[in-house]
Amino acid sequence: MSIYKPSEIEPRWQKYWLEKKTFKTPENHDRPKYYILDMFPYPSGSGLHVGHPEGYTATDILARYKRMMGYNVLHPIGWDAFGLPAEQYAVKTGTHPRITTEKNIIRFREQLQMLGFSYDWDREVDTTDPNYYKWTQWIFLKLFEMGLAYEDEQPVNWCPELGTVLANEEVIDGKSEVGGYPVVRRPMRQWVLKITAYADRLLEDLDGLEWPESTKEMQRNWIGKSIGAEIDFQVHQHDEKIRVFTTRPDTIFGATYMVLAPEHHLVEQITTAEQKAAVEAYREKAAQKSDLERQELTKEKTGVFTGAYAINPANNKAIQIWIADYVLAHYGTGAIMAVPGEDERDWEFAEMFDLPIVRTVQPPDDFEGKAYTEDGPSINSDFLNGLHITEAKQKIIEWLEKNGVGSKSVNYKLRDWLFSRQRYWGEPFPIIHVDGKPKAVPESELPVTLPEVDDFQPTKTGEPPLARAAEWIETTDPETGKKALRETNTMPQWAGSCWYYLRYISPDFDGGPVDKGEEKYWMPVDLYVGGSEHSVLHLLYARFWHKVLYDCGVVSTKEPFQKLVHQGMILGEVEYTAYEKDGKIISAEQADGDEGLKRVPLAESDVEKKGERFVMKGTEIVVDARAHKMSKSRGNVINPDDVVKKYGADSLRLYEMFMGPLEQVKPWSTKGVEGVNRFLNRTWRLFFGDGEEERLNVSEDEPTRDQFRVLHEAIKKVTDDIDGMRFNTGISALMIFVNEANQWKSVPRAVADPFVLLLSPFAPHIAEEIWNKLGHKESLAYEEWPQYSEEYLKSDIVEYPVQVNGKVRANIEVPADQAKNKDFVLGLAKQQKNVQKHLDGTTIIKEIFVPGRIVNLVVKPG
RNA sequence: GCCCGGGUGGCGGAAUUGGUAGACGCGUCGGACUCAAAAUCCGAUGGCAGCGAUGUCGUAGGGGUUCGAGUCCCCUCCCGGGUACCA
């Protein structure tokens, strides 16, 4: 019998594509190129989840479409395979992370192939492969040579639980991004990359990128450029100056006290004898606080007077110098001039400690707040009085510069990138220490491979696991023959993913990270798809490295990723939950806090919508109706393997694209998968009938005008929608075609062929199968994409809705040749019975006629 | 708090520059086929009133611009993401 059997069709075509290397990247450069990139996955032990195929299907559709449009397409995949889970598993079981990683990669590869993605499998990269990380190390050497990588003893985010330091970007709310463990500050020798040297370029070049505005904005905020001034305040009775950074130099006449960060280098020197004890105690306490504690205690300001005074250079008044932890040591100069009148934090502090407040900007009469941060004329500010912020700033900076007490200045929130980790499973640094100084390993000795160790834990003294490989550590400097020690830190996981998109271009090239000629052809990446969780971290780091490589002449573009799209998260199936307390079901609105609450899952049939909310059927008890993030603990994880087994890869692909806009967060629905699966079944029956025998239901007849119209409407819509990445509505157009075509006796070949091509990027297996059965010998992967013709889209009649006072009262059909004839259309419109009814007893005061669109008769009574 | 997104049927979501709100899919209801079920097919399906023609309300809420607003403007509420003493 004629039945659509994905389990039989799909593996067969997957094998065909692999064996024939159908998707091998063309090596010639004689066509336009399209580089379409997925964020490569970390091959975790739990395999692919349904989130992966979402972005991967979207890019696969585009890759297949672009090939049919005549582009040379580069569509690769690889493995971001260094990382913590494999290492933690190694610590627990002693299994070498390499073993775990290899195993996981095999699983991931199988899963991706099972979904029919058209990757060029000859270009796979693996960040843990020494042939790959050789070039990661090579790039690090470039950074080192350029003075962009340096060692520094600095307070770092130390995570005791993970046994490693973390970059600022990896710390969220004082906890580690991975695992959520507490993070404390602790000084340590670390490798740091000078990303701040590129702050301005990283900021400016965002403008030319086709990225989501929100992502660009996040990067802008993270870089945090602010323009202001640095001003020197003379310390009274000391030969010292305190330099502050401020964005509001115009408010200097309102600077009524100063605050230093507790760690500021002048604190000890200027503190008076009477205040010494208090200051010491405060500094002690601040040092002991973790970042988390510092944040938790932000509600109330704390601080201590140093006993010292500074002279405000604008008015020569002596003002108190305090220390307080609301001033951060690592931003600006670690010291501020406090202007409570125009700064909410300073106001709060001034109120707390009874310090003077002077307004220097006139608030509006009805202003009732405390600090006034908006614009207005300057007051109490001598020669600035009357000027608004912009002019006042300019004038005061001129004055500061003339008097040698300050100058214009720019500051960034962005800090240098902490680049070393105390881990085993990462790239070793190509660095040796000779006479206590770091020195580059010569390029000819790359890669510096990971040594074998017997234990993957940090040593008892807190040194990284590599410190266990004594023979590896002790080496000689090839240049001088002196004794040398290898660096025992390793690089963070971001290192490998900072440049992998370049390696795909020439994965076997051994003259550098990337072959220049190929790079020139393929770069930049035309479309990059991946999760928004990488908005700052990966995407900022990769841009930084790319710019460094640009400066060394390795790459020819300033930016790596021209267009970026984030796929939205797929949530679990919608769940209905009632809350039970003390054995009684209570309304979800009253259910706050966890005490004594029991969650009772309900079936969809037990609930109904009442107004804005869902309630238990027939009651007033409100229940929760929500989709949650998929998680093992919640037990709502959908495994792609199961979906493929039951419905096939084409159905999974189609469903994930049909759910809604790619960028949007959306809940999973197994019923929805069944829906698209039905569509594929209907498509199969359209071509092969539903009789006992499989019989090709395709005729050699010339299609009718109507059949052509149906086809060409589909071509237009599907083409536009793929171009605009609106895959959900594109699929809807394919469904409309099949629904229409199912009413025909048979499908004319001239319609059948193009339709199968339209379907193929979305559901490649079934499309190849039908294509083959239509008598084509070769894969359809490089067939020409169908073109639509306006000729067939024209209709013989044009429909006009007819409104009276903006309300539709009738629909009329006008022959196409009369459609733009206003008099004709209006005449016909007014004849309509229901229109006449509404015109009765009124006077037409205006006739709106929008050709091809609408008729609106504006009337008034009488 | 601040900065971005976003609120459309029972559900996921459609709707060119302002021009018939609810495409497509799910669900539900009715029918056909069947001994029966599944699968499939046909029909209906925003609410309210009406046998019906039709009327009326309706895109989070309130106001405005317009012949006409889901779409533009102002205010409020709710949800999601980011960020948090960055001077």
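Keep in mind that what you see is a predicted model, and the values were worked out from it rather than measured. Below, chain A is the first sequence line, B the second, and so on; all start at residue 1.
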Q: Assign Thr247(A) to base, sugar-phosphate, or nothing according to its heavy-atom contacts below 4.0 angstrom with the strands shown.
A: sugar-phosphate

Q) Checking all strands, does Gln803(A) fall into the base, sugar-phosphate, or nothing category for heavy-atom contacts under 4.0 angstrom? A) base

Q. Where does the angle between the aromatic ring planes of Trp668(A) and Tyr655(A) fall among parallel (under 30°), tilted (30 to 60°) and perpendicular (over 60°)?
A. perpendicular

**Q.** Any donor-acceptor pair under 3.5 Å from Asn681(A) side chain to Asn677(A) backbone
**A.** yes

Q. Closer to the 5' end of RNA chain B via nearest nucleotide, is it Glu604(A) or His838(A)?
A. Glu604(A)

Q: Give Lys413(A) one of three labels, base, sugar-phosphate or nothing, depending on what nucleic acid heavy atoms sit under 4.0 Å from its own.
A: base

Q.
Quick check on C3(B): is either OP1 or OP2 less than 4.0 Å from any side-chain nitrogen or oxygen of Ser214(A)?
A. no

Q) Relative to the 5' end of RNA chain B, which residue comes earlier, Tyr326(A) or Gly806(A), by the nucleotide with the nearest heavy atom? A) Gly806(A)

Q) Is there a Watson-Crick or G-U wobble partner for A14(B) with both distances under 3.5 Å, and which nucleotide is it? A) none

Q | side-chain N/O Arg678(A) vs G27(B) OP1/OP2, d < 4.0 Å | A | yes

Q: Looking at every strand, decide which applies to Asn739(A) at a 4.0 Å heavy-atom threshold: base, sugar-phosphate, or nothing.
A: sugar-phosphate

(Q) Taking any heavy-atom pair under 4.0 Å as a contact, classify His566(A): base, sugar-phosphate, or nothing. (A) nothing

(Q) With a 4.0 Å cut-off on N to O distance, would you call Asp250(A) and Lys393(A) a salt bridge? (A) no

**Q.** Counterpart base for G46(B), defined by Watson-Crick or G-U wobble contacts under 3.5 Å
**A.** C57(B)

Q: Identify whether any heavy atom of Pro661(A) sits under 4.0 Å from a base atom; if not, whether one sits that close to sugar-phosphate; answer base, sugar-phosphate or nothing.
A: sugar-phosphate

